[in-house]
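Everything quoted here is computed from the prediction, not taken from an experiment. Below, chain A is the first sequence line, B the second, and so on; all start at residue 1. Only this structure's heavy atoms are used, side chains among them; waters, hydrogens and symmetry mates stay out.
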There are 2 protein chains.
Amino acid sequence: MNHQRECPVETLIHVLGGKWKPMILWHLIESKKRFNDLEKLIPDVSQKMLSQHLRDLEREGIVDRTVYPAIPPKVEYSLSEYGRTLIPVAEVMCAWGENHNKRKYEESAS
Amino acid sequence: MNHQRECPVETLIHVLGGKWKPMILWHLIESKKRFNDLEKLIPDVSQKMLSQHLRDLEREGIVDRTVYPAIPPKVEYSLSEYGRTLIPVAEVMCAWGENHNKRKYEESAS
DNA sequence: TAATGCACTTACTTAAAAGTAAGGGGATGA
DNA sequence: TCATCCCCTTACTTTTAAGTAAGTGCATTA
């Protein structure tokens, strides 16, 4: 890490920041998902937020959107090859987050 | 990673999200800093945001705030022992961010 | 006496993110 | 014919984050 140049942590936060994108990534790491699947998996997400963030992630090249020309329409979202480079990032972020939650839990229990 | 439970990436984003906290972390990884140092190192940050986010990070136990009872007041901010657990996280986030920036640069150049 | 430096705080304003509610297109099934 | 399913989009409102500007307290220096 180089402390002279601009901090690129910001870039990651820009791409993955906000309330919903990490959740979407999280579920797509496991497997490709349809719009409705994600809606069910992510409690309280509105359709608007879901479609907006999926579009953002698609624009960044992280998510692939595959449309099957069927009726009713079928659209699948999956991590792109590039998106898969985020898996190790998600892993350390999750590991830290889990530990932090545990710590807070133990703190509140004492 | 466990996809049944709640995604803890959110936790990390909660702790480190927003525009300024990653920057503060970034500079404190290098060495402890005073309020004014951070103000100079982080362009465009307002005093309000700086003090607010330093306080947030302090409350989360990530940053230690040391006050020297001198006049003019001297306050030093440093990563706590717990805060140092974020260093590996920052490293992978930075690495990904740098790569992403490079990719976007090459994309726009072509 | 006045100005300066440090580390903030407060009040107010603006911008960005998210929530709510409704609609739309294009079939198919009852 | 009417309702239903899927994948959204649009318009509008609310909430949250951030920006701006000014002020505070204490002491030292000029």
A:R34 side-chain N/O to D:dC6 phosphate OP1/OP2 under 4.0 Å: no
Considering only D:dT9, C:dC6, D:dC7, which nucleotide approaches the side chain of A:S51 most closely? D:dT9
How does protein contact run along nucleotides 12-30 of chain D, one letter per nucleotide 5' to 3', with B for base contact, S for sugar-phosphate only, - for none, heavy atoms under 4.0 Å? B-----BBB------S---
Taking salt bridge (charged side-chain N to carboxylate O under 4.0 Å, His left out) as the definition, give me every residue that meets it alongside A:K32, ordered by chain and number, with sequence neighbours left out. A:E76
Quickly work out the B:R55 CZ to C:dA7 C1' distance and round it to whole Å. 9 Å
Roughly how many Å is it from NZ in B:K33 to P in C:dC6, rounded to a whole number? 16 Å
Which whole-number value in Å describes the distance from A:L54 CG to D:dC7 P? 11 Å
Hydrophobic clusters here meaning ILVMFWY residues chained together by side-chain heavy-atom distances under 4.5 Å, can you tell me if B:Y68 and B:L54 are in one? no
What is the separation between atom CD1 on A:I24 and atom P on C:dA18, rounded to the nearest whole Å? 10 Å
According to the salt bridge (Lys or Arg N to Asp or Glu O under 4.0 Å) rule, which pairs have a member within residues 53-62 of chain A, sequence neighbours left out? A:K21-A:D56, A:D56-A:R59, A:E60-B:K104
Show every salt bridge (Lys or Arg N to Asp or Glu O under 4.0 Å) that has at least one partner inside residues 33-43 of chain A, sequence neighbours left out. A:E30-A:K33
Please enumerate all residues that pass side-chain hydrogen bond (donor to acceptor under 3.5 Å, both in side chains) together with A:D64, with sequence neighbours excluded. none
Examine C:dG5: is either OP1 or OP2 under 4.0 Å from a nitrogen or oxygen in the side chain of B:N36? Give yes or no. no
By side-chain hydrogen bond (donor to acceptor under 3.5 Å, both in side chains), A:S78 pairs with (sequence neighbours left out) none
In whole Å, what is the span from the CG atom of A:L50 to the C1' atom of D:dT10? 17 Å
